Amino acid sequence: MTAVMNADLHCHSVVSDGTLTPEELAERAAGNGVELWALTDHDEIGGQHRAAAAARANGMKYLTGTEISVTFAGETVHIVGLGFDAGDTRMLEGLTATRGGREARAREMAAQLAQVGIPGAYEGALKYVGNPELISRTHFARFLVEVGACKDTPEVFRKYLTEGKPGYVPHRWASLKDAVQWITLGGGIAVIAHPARYKFTANEEYALFSEFKAHGGRGVEVVTGSHTAAEATRYAGTAKEFGLAASRGSDFHSPDESHTDLGKLPPLPEGLTPVWELLADRIR
Ligand code: AMP
Ligand code: MN
Ligand code: MN
Ligand code: MN
C-alpha cells in the first residue's frame with residue numbers, strides 16, 4: 001500500500017441514500033481502477049458483508065465503513081468510520097439509536113412541504129427508499145425533482161430541506177464522542193468527513209478538530225468529491241496541524257446525481273499519512 005494507491009473510502013448504496021446496490025458499486029469502482037474500497041452508508045452497516053464479498057469478487061481490497069450523523073455546535077457533522085469490527089454490538093446499537101427518529105422527522109418534513117403546496121411527499125420519498133429505517137433528505141429531493149418542484153437535487157437543497165427553507169426539520173443526531181468511540185472501540189479509525197461543507201466559524205471548526213482528537217479521532221477527509229482543489233490543500237494543512245491521517249473518497253451516491261465518480265479523484269497531497277497506512281491490519 002502506497003500513498004498513491006487508488007483508495008475510495010466514501011460512498012453510498014441503496015442501504016442508505018445511494019441508488020446502486022453494493023454489488024453494482026463494487027463493479028463500478030473496480031472498473032474505474034479502485035484498489036481499496038469502503039462502502040460508507042449513512043448510520044447503517046447492513047451492506048458490509050455484501051460489499052466485502054463484492055470487493056473480493058472484483059479484485060479490490062476492502063475496509064469496513066459507515067458515515068455517522070453527529071450533532072456538534074448545533075450543526076450536523078458527518079464522521080466516517082473505517083476498518084471497525086462490523087459485528088461489534090456497541091456500533092450496532094449506536095447506529096440503531098441514531099437511525100431512530102428519522103421516520104418522525106420525515107413525516108414532519110412532509111407536513112411542511114404540504115403547507116407550501118407539495119402534498120404526498122412522505123409517500124413520494126418512500127418510493128425511493130431502499131431501507132425503511134433510513135429515509136433521508138436525499139429521498140425527498142428525488143421526489144421533489146420527480147414532481148417538477150425543482151430541476152435537480154442541488155436546487156432542492158437550495159430551495160427546500162435546509163435551514164430556513166420549507167421542509168427543514170432540525171434533528172439531534174449522535175454525539176461526537178459516542179460516534180468516535182463506537183468506531184474506535186471496534187478497532188477502527190474515525191475520520192471527519194468533508195470538513196469544508198460545514199458552516200462553522202474558525203473557532204467552531206477549531207473546537208470540532210480538537211474535541212474530535214481528544215475523543216480519539218485520527219483522520220480527516222482531505223480529498224473528497226465535496227472539496228475543491230483549494231479546499232483539499234487547506235485541509236491538508238489542518239491534517240498536519242492536528243496530527244491527523246488523511247482520507248480520500250468520492251462520496252458517490254448515484255450515476256445521475258454525483259459529479260465525482262468512484263475512484264475519479266486526485267491523489268492525496270504530499271507529506272500526509274494516508275488513513276490506509278494506519279489500517280493495514282484491518283484491510284480484507
Ligand atoms: P439527512 O441525513 O436525511 O439529513 O440527509 C443528508 C443527505 O442529503 C446527505 O448525505 C447528502 O446525500 C444529501 N445532501 C445534503 N446537502 C446536499 C446538497 N446541498 N446537495 C445535494 N445533496 C445534499
Ligand atoms: Mn447522502
Ligand atoms: Mn456526508
Ligand atoms: Mn457521504
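We count ligands from 1, going down the list as the structure has it; atoms in each ligand are counted the same way. Nothing here was measured: the structure is a model prediction, and the numbers come from that model.
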Participant: Any chance you could measure T40, atom OG1, to E221, atom CD, to the nearest 0.5 Å?
Facilitator: 7.5 Å
Participant: Counting N and O atoms only, with roles assigned by atom type, does the side chain of E205 sit under 3.5 Å from a partner on the main chain of T201, one being a donor and the other an acceptor?
Facilitator: no
Participant: Students should be able to answer this: which protein heavy-atom is nearest to atom 7 (C) of ligand 1, and at what distance?
Facilitator: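 For atom 7 (C) of ligand 1, the nearest protein heavy atom is T138 OG1, 3.4 Å.
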Participant: Which atom name does D17 have for its N/O/S atom nearest to the Mn ion (ligand 2)?
Facilitator: OD2
Participant: Indicate yes or no: does K264 engage D8 in a salt bridge with an N to O separation below 4.0 Å.
Facilitator: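 D8 and K264: not salt-bridged.
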Participant: Angle class for the Y198/F200 ring planes (parallel below 30°, perpendicular above 60°, tilted otherwise)?
Facilitator: tilted
Participant: Does a salt bridge link E35 with R248, judged by any charged N lying under 4.0 Å from a carboxylate O?
Facilitator: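 Between R248 and E35 there is no salt bridge, as every charged N stays at least 4.0 Å from the carboxylate O atoms.
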Participant: Give a yes/no on ligand 1: does R158 have at least one heavy atom closer than 4.0 angstrom to it?
Facilitator: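 False for this residue.
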Participant: Please report how many protein N/O/S atoms lie under 2.8 Å from the Mn ion (ligand 3).
Facilitator: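 For the Mn ion (ligand 3), the figure is 3.
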Participant: What do we get for M109 next to ligand 1 when only non-hydrogen atoms under 4.0 Å count, side chain, backbone, both or neither?
Facilitator: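 Contact part for M109 vs ligand 1: neither.
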Participant: Considering only the protein, which heavy-atom contact is closest to atom 6 (C) of ligand 1, and what is its distance?
Facilitator: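 Going atom by atom, the protein heavy atom closest to atom 6 (C) of ligand 1 ends up being R137 NH2, 3.7 Å.
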Participant: For atom 2 (O) of ligand 1, what is the nearest protein heavy atom, given as residue, atom name and distance?
Facilitator: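 I find the closest protein heavy atom is R102 NH2, 3.1 Å.
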Participant: D17 and R142: salt bridge (charged side-chain N to carboxylate O under 4.0 Å, His left out), yes or no, with the steps?
Facilitator: CA-CA 10 Å; D17 61 348; R142 292 185 186 132; 5.8 Å; no
Participant: Mind jotting down which residue pairs meet the salt bridge (charged side-chain N to carboxylate O under 4.0 Å, His left out) criterion with at least one end in residues 118-134? Sequence neighbours excluded, please.
Facilitator: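 Only R99-E133, K127-E146 qualify under salt bridge (charged side-chain N to carboxylate O under 4.0 Å, His left out).
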Participant: Is the ring centre of H227 less than 6.0 Å from the ring centre of Y235?
Facilitator: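 Yes: the rings meet the under 6.0 Å criterion.
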Participant: Do other residues, nucleotides or ligands put more than 12 heavy atoms under 6.0 Å from the NZ atom of K151?
Facilitator: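 Yes, because the 6.0 Å sphere around NZ of K151 holds more than 12 heavy atoms from other groups.
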Participant: Among all protein non-hydrogen atoms, which one is nearest to atom 20 (N) of ligand 1, and what is the separation to 0.1 Å?
Facilitator: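 Protein heavy atom with the smallest distance to atom 20 (N) of ligand 1: F157 CD1, 3.5 Å.
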Participant: Which one holds for T162 and ligand 1: side chain close, backbone close, both close, or neither close, with close meaning a heavy atom under 4.0 Å?
Facilitator: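 Neither part.
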Participant: Salt bridge or not between R28 and E24? Use side-chain N to carboxylate O under 4.0 Å.
Facilitator: no
